[in-house]
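Note: hydrogens, waters and symmetry copies are ignored here, and every other heavy atom, side chains too, is used.
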Amino acid sequence: MSTAQPPQRPWPGWTGATRYLLTLAAGATNAFGFLALGGVFTSVVTANSALLGLYLGNARLPAARLVAAALLGYVVGAAAGGLAAAGRGRVRGAGIRGGLLLEALLLWLVFFGWPAWHSGPRGRTLLLFLTAVAMGCQNGAVRVTVGGEVTTAYLTGLLTSTVTAYATRGRLAARNGAVVLALIAGAIAGGAAYRWSPAAAPLVPALLVSAALAATWARSPSHAERRPPLMH
């Protein structure tokens, strides 16, 4: 019985830099949401779904509303990012640029709106919603452009496939471990920024996504077509 995996579509960006920058941004954004916006993740839908049920079951309605805002924002963003990526033509990388441009604009809006909006509950809910929309845009654009086998923000499946491949076939995918470490490193950066300079905390993911967007153009014309796709 064949166990061949479907081929992945090419990853836009020189040596996969876009993927690692987006994973760093996802870690930083989730740290920002959890620490600054009410203990809610911005892209981990599984955890947020469990939190929503937990808060509803304990009649903690204000907390449940925050989680619901994040879930709704993620859904809206995934749809918007997917549409932006799908509607940008057939040029490789053009689609993801549309989704990442929308994500970057949202994160810069969060950064500039943070000083005025973070002090009140409605403002924090709006910031959480916008940040979750941004993360949904990222994941939607990545899925449409590169395929469902590649992730930058939710890594449960990636970690599971890495562990099971090593346990059953002795194959260790070092790049998968690097992606997981990138998410942790991004969370460290986001958490440290919030601890030492709260005003700068939303700046970290905005800069990382902007760099990821720039990296989609940083390809060598003579080598980009020969470079193999980033594998799990």
Side-chain angles (χ1 to χ4, degrees), residues 18 20-52 54-55 58 60-78 80-81 99-139 152-155 179-215:
T18 305
Y20 290 105
L21 287 166
L22 290 177
T23 306
L24 286 166
T29 306
N30 277 292
F32 171 64
F34 190 85
L35 295 172
L37 301 176
V40 181
F41 296 107
T42 54
S43 71
V44 189
V45 174
T46 303
N48 282 346
S49 299
L51 285 174
L52 180 61
L54 175 65
Y55 291 145
N58 282 270
R60 296 177 59 182
L61 297 185
R65 283 194 292 268
L66 272 178
V67 179
L71 289 171
L72 176 61
Y74 183 89
V75 170
V76 171
L100 296 189
L101 177 60
L102 180 57
E103 180 188 9
L105 290 173
L106 286 165
L107 290 175
W108 283 110
L109 176 60
V110 169
F111 170 68
F112 287 113
W114 167 253
W117 298 340
H118 79 281
S119 57
R122 291 184 179 180
R124 285 194 298 272
T125 301
L126 176 60
L127 290 167
L128 178 63
F129 177 80
L130 292 173
T131 307
V133 173
M135 293 309 301
C137 282
Q138 174 176 313
N139 290 332
T152 60
Y154 48 96
L155 302 183
V179 173
V180 174
L181 290 176
L183 187 75
I184 296 172
I188 291 173
Y194 182 72
R195 178 181 180 184
W196 299 109
S197 180
L203 178 63
V204 175
L207 287 174
L208 287 168
V209 171
S210 297
L213 177 59

*Asks:* The test is side chain to side chain contact (heavy atoms under 4.5 Å, CB included); show your working for Y74 and V133 and say whether it passes.
*Replies:* CA-CA 5 Å; Y74 183 89; V133 173; over 6 Å; no
*Asks:* Show me the donor-acceptor pairs, under 3.5 Å and distance only, between side chains in residues 31-45 and residues at least two apart or in other chains.
*Replies:*
from	atom 1	to	atom 2	distance (Å)
T42	OG1	N30	OD1	3.3
S43	OG	N30	ND2	2.9

*Asks:* Table please: side-chain donor-acceptor pairs of residues 196-204 below 3.5 Å, with sequence neighbours left out.
*Replies:*
none

*Asks:* What pairs with Q138 under side chain to side chain donor-acceptor pair (under 3.5 Å), at least two apart in sequence or on another chain?
*Replies:*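 Per chain and number, Q138 pairs via side chain to side chain donor-acceptor pair (under 3.5 Å) with T152.
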*Asks:* With side chain to side chain contact (heavy atoms under 4.5 Å, CB included) as the test, pick out the partner of C137 among V76, L102, L101.
*Replies:*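 Of the listed options, the one satisfying the test is L102.
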*Asks:* Within this structure, what is the CG-CG distance for the pair L24 and L207, rounded to the nearest 0.5 Å?
*Replies:*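 The CG atom of L24 sits 12.5 Å away from the CG atom of L207.
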*Asks:* Any ring pair (Phe, Tyr, Trp, His ring centres under 6.0 Å) involving residues 117-139? Give me the pairs, sequence neighbours left out, ordered by first then second residue.
*Replies:*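 The answer is W114-H118.
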*Asks:* For the atom pair CD (E103) and OG1 (T131), what is the distance rounded to the nearest 0.5 Å?
*Replies:*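 The distance works out to 10.5 Å.
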*Asks:* Hey, does L130 have a side-chain heavy atom less than 4.5 Å from the side chain of L126?
*Replies:*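 The answer is yes, as the side chains (C-beta and beyond) meet within the 4.5 Å cut-off.
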*Asks:* Should T29 and L208 be marked as a side chain to side chain contact (heavy atoms under 4.5 Å, CB included) after you check the CA-CA gap, both sets of side-chain angles, and the distance that decides it?
*Replies:* CA-CA 10 Å; T29 306; L208 287 168; over 6 Å; no
*Asks:* Return a table of donor-acceptor pairs under 3.5 angstrom between the side chains of residues 62-72 and protein atoms on other chains or two or more places apart.
*Replies:*
none

*Asks:* For the CE atom of M135 and the CG atom of L22, what is their distance to the nearest 0.5 Å?
*Replies:*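 If we round to the nearest 0.5 Å, M135:CE and L22:CG are 8.0 Å apart.
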*Asks:* Please identify each residue that fulfils ring-ring contact (aromatic ring centres under 6.0 Å, His included) with F111, with sequence neighbours left out.
*Replies:*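 If we apply the ring-ring contact (aromatic ring centres under 6.0 Å, His included) test to F111, skipping adjacent residues, the hits are W108.
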*Asks:* Would you name the heavy atoms of A26 and L183 that are closest together and state the gap between them?
*Replies:*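 Minimum heavy-atom separation between A26 and L183: CB-CD1, 3.8 Å.
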